[in-house]
Amino acid sequence: MFDCRCLSTNLVSNGTMKSRRIEFGDINGVDDALSIYGLMIERKPLPNTRLFNNLLSRLVKLKQYTVAISLFRDISILGVSIDNYAMNIAINCYCNSHRVDFGFSMLAAFFKRGYMLDAATVSPLLKGLFQENRIAEAQNLFRKIVREELCEMNNIIFGVVVDGLCKAGNTAMAIQLLRVMEKGSCRPDTHKYNMIIDGLCKDKLLDSAMKLFDEMPHKGIDRDVFTYNVLINGLSTFGQWKEVKALWKEMIDCKIYPNVITFTTVIDALCKEGLVDKAHDLLNIMIQKIMFLL
DNA sequence: GTAGGGTTAG
């Protein structure tokens, strides 16, 4: 845990800097963020909550979750008013540092202040539960949110749950969720199909993966290079070369061009199957493509 | 000038 008491060593304080507008664009690392924080807490009166939230969100983007939590605690002590944005940031930081229970424990204060749950509160909590492999709890929470209409649903919440279910090997439920989404206002998108197709391939359910892939155009969902890559990855892992070849041709016909991942996926699978000559041919094609670009 | 999500290889 980062200790705020060491902040004084990170201060860049002089008279001219103090009068200038705080610039967050210059933050490239945690040291920059702490320097700015040092300047902010020297100001009298203290900057408003939004400015501190801005700094906290920069730390989140830098994945400096424990530092952000320390600063969150520090500004509370300094008397900066804590709003729902700040609390959601702190909850997210706990969830991202495998301390989802701390995130939940913040909800008491959250409700006490009269704040309402929204997608920015619940999606990190759901994600945190899935990441800590607390799958049943995540599913129960999601069901409770839907059943009791605890917050407005959006595509991000569905994204967290589809991802969590797929990674937990529960692709059947992820597909069920896809069907629920089709009937509501948050429609499934390419990314969700890609996640499920990938999950199905990893569970060796290639037929189901192919089925989802086939239904995409009928449902008005565009396929992208990820869609082809995850499916090609699944098919080549299980030596289904005829299908891989067909997909390779199809993607080019659709002007979705194989990228470095497509090439390396197939080359890797060919090598593992002992088809080194074929892998070599593909490598040569790849080199020719690179030469063409140079 | 504020908060939340996700896919492929090695």
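In this text, all values refer to a predicted model and were calculated from it rather than measured experimentally. Numbers restart at 1 for each chain; the letters A, B, ... are given by sequence-line order, proteins then strands.
Rounded to whole angstrom, the span from the CD1 atom of A:I27 across to the P atom of B:dT2 amounts to 14 Å. Rounded to whole angstrom, the span from the CG atom of A:L283 across to the P atom of B:dA9 amounts to 19 Å. For the pair A:N88 CG and B:dG5 P, the computed distance is 11 Å after rounding to whole Å. Atom-to-atom, CZ of A:F158 to P of B:dT7 comes out at 19 Å; the value is rounded to the nearest Å. Rounded to whole Å, the distance from CD1 on A:I156 to P on B:dT7 is 14 Å. For the pair A:Y115 OH and B:dT2 C1', the computed distance is 13 Å after rounding to whole Å. Rounded to an integer number of Å, the gap from CE of A:M106 to P of B:dA3 is 16 Å. Computed from coordinates, the A:F130 CZ to B:dT7 C1' distance equals 16 Å when rounded to whole Å.
Partners of A:K249 according to the side-chain hydrogen bond (donor to acceptor under 3.5 Å, both in side chains) rule, which considers only residues two or more places apart in sequence or in another chain, are A:D253. For A:F238, there are no ring-ring contact (aromatic ring centres under 6.0 Å, His included) partners at least two apart in sequence or on another chain. The side-chain hydrogen bond (donor to acceptor under 3.5 Å, both in side chains) check on A:D163 picks up A:K167, with sequence neighbours excluded. The side-chain hydrogen bond (donor to acceptor under 3.5 Å, both in side chains) search around A:S123 returns none, not counting sequence neighbours. Residues satisfying the side-chain hydrogen bond (donor to acceptor under 3.5 Å, both in side chains) test with A:S81, not counting sequence neighbours, are A:T49.
Distances shown here put a side-chain N or O of A:K61 below 4.0 Å from the OP1 or OP2 atom of B:dA3.
Judged as a ring pair (Phe, Tyr, Trp, His ring centres under 6.0 Å), not a single pair has a partner in residues 47-73 of chain A (not counting sequence neighbours). For residues 179-215 of chain A, the pairs satisfying ring pair (Phe, Tyr, Trp, His ring centres under 6.0 Å) are A:F213-A:Y228, with sequence neighbours left out.
The stretch residues 226-247 of chain A touches DNA chain B through A:F226, A:N229, A:V230, A:N233, each having a heavy atom under 4.0 angstrom from the strand. Near DNA chain B, meaning a heavy atom under 4.0 Å from it, residues 255-267 of chain A has A:I261, A:T264, A:T265 in order of number. Contacts between residues 192-218 of chain A and DNA chain B, counted as heavy-atom distances below 4.0 Å, involve A:K192, A:N194, A:M195, A:D198, A:K202.
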Show me the donor-acceptor pairs within less than 3.5 Å that the side chains of residues 172-187 of chain A make with the rest of the protein, sequence neighbours left out.
unit_1, atom_1, unit_2, atom_2, d
A:R179, NH1, A:E182, OE2, 2.9
A:R179, NH1, A:E215, OE2, 2.9
A:R179, NH2, A:E215, OE1, 3.0
A:R179, NH2, A:E215, OE2, 3.3
A:E182, OE1, A:K219, NZ, 3.3
A:E182, OE2, A:K219, NZ, 3.3
A:R187, NE, A:E182, O, 3.3
A:R187, NE, A:G184, O, 2.7
A:R187, NH2, A:G184, O, 3.4

Taking distance alone, no hydrogens or angles, what donor-acceptor pairs closer than 3.5 Å link side-chain atoms of residues 276-285 of chain A to residues at least two apart or in another chain?
none

Does A:V160 form a side-chain contact (heavy atoms from CB on, under 4.5 Å) with A:I157? I'd like the steps, not just the answer. CA-CA 5 Å; A:V160 169; A:I157 301 176; 5.8 Å; no

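Within the nucleic acid shown, A:N155 comes within 4.0 Å of at least one base atom, counting heavy atoms only.
The side chain of A:N84 approaches B:dA3 more closely than any other nucleotide in the set B:dT2, B:dG6, B:dA3.
One N or O donor and one acceptor, one from the side chain of A:D189 and one from the base of B:dG6, sit under 3.5 Å apart. Within 3.5 Å, a donor on the side chain of A:N53 pairs with an acceptor on the base of B:dT2, or the reverse.
Between A:K192 and A:D189 there is a salt bridge, since at least one side-chain N of the basic residue sits less than 4.0 Å from a carboxylate O of the acidic one.
For the side-chain contact (heavy atoms from CB on, under 4.5 Å) with A:T121, the lone residue among A:I91, A:L150, A:N92 that qualifies is A:I91.
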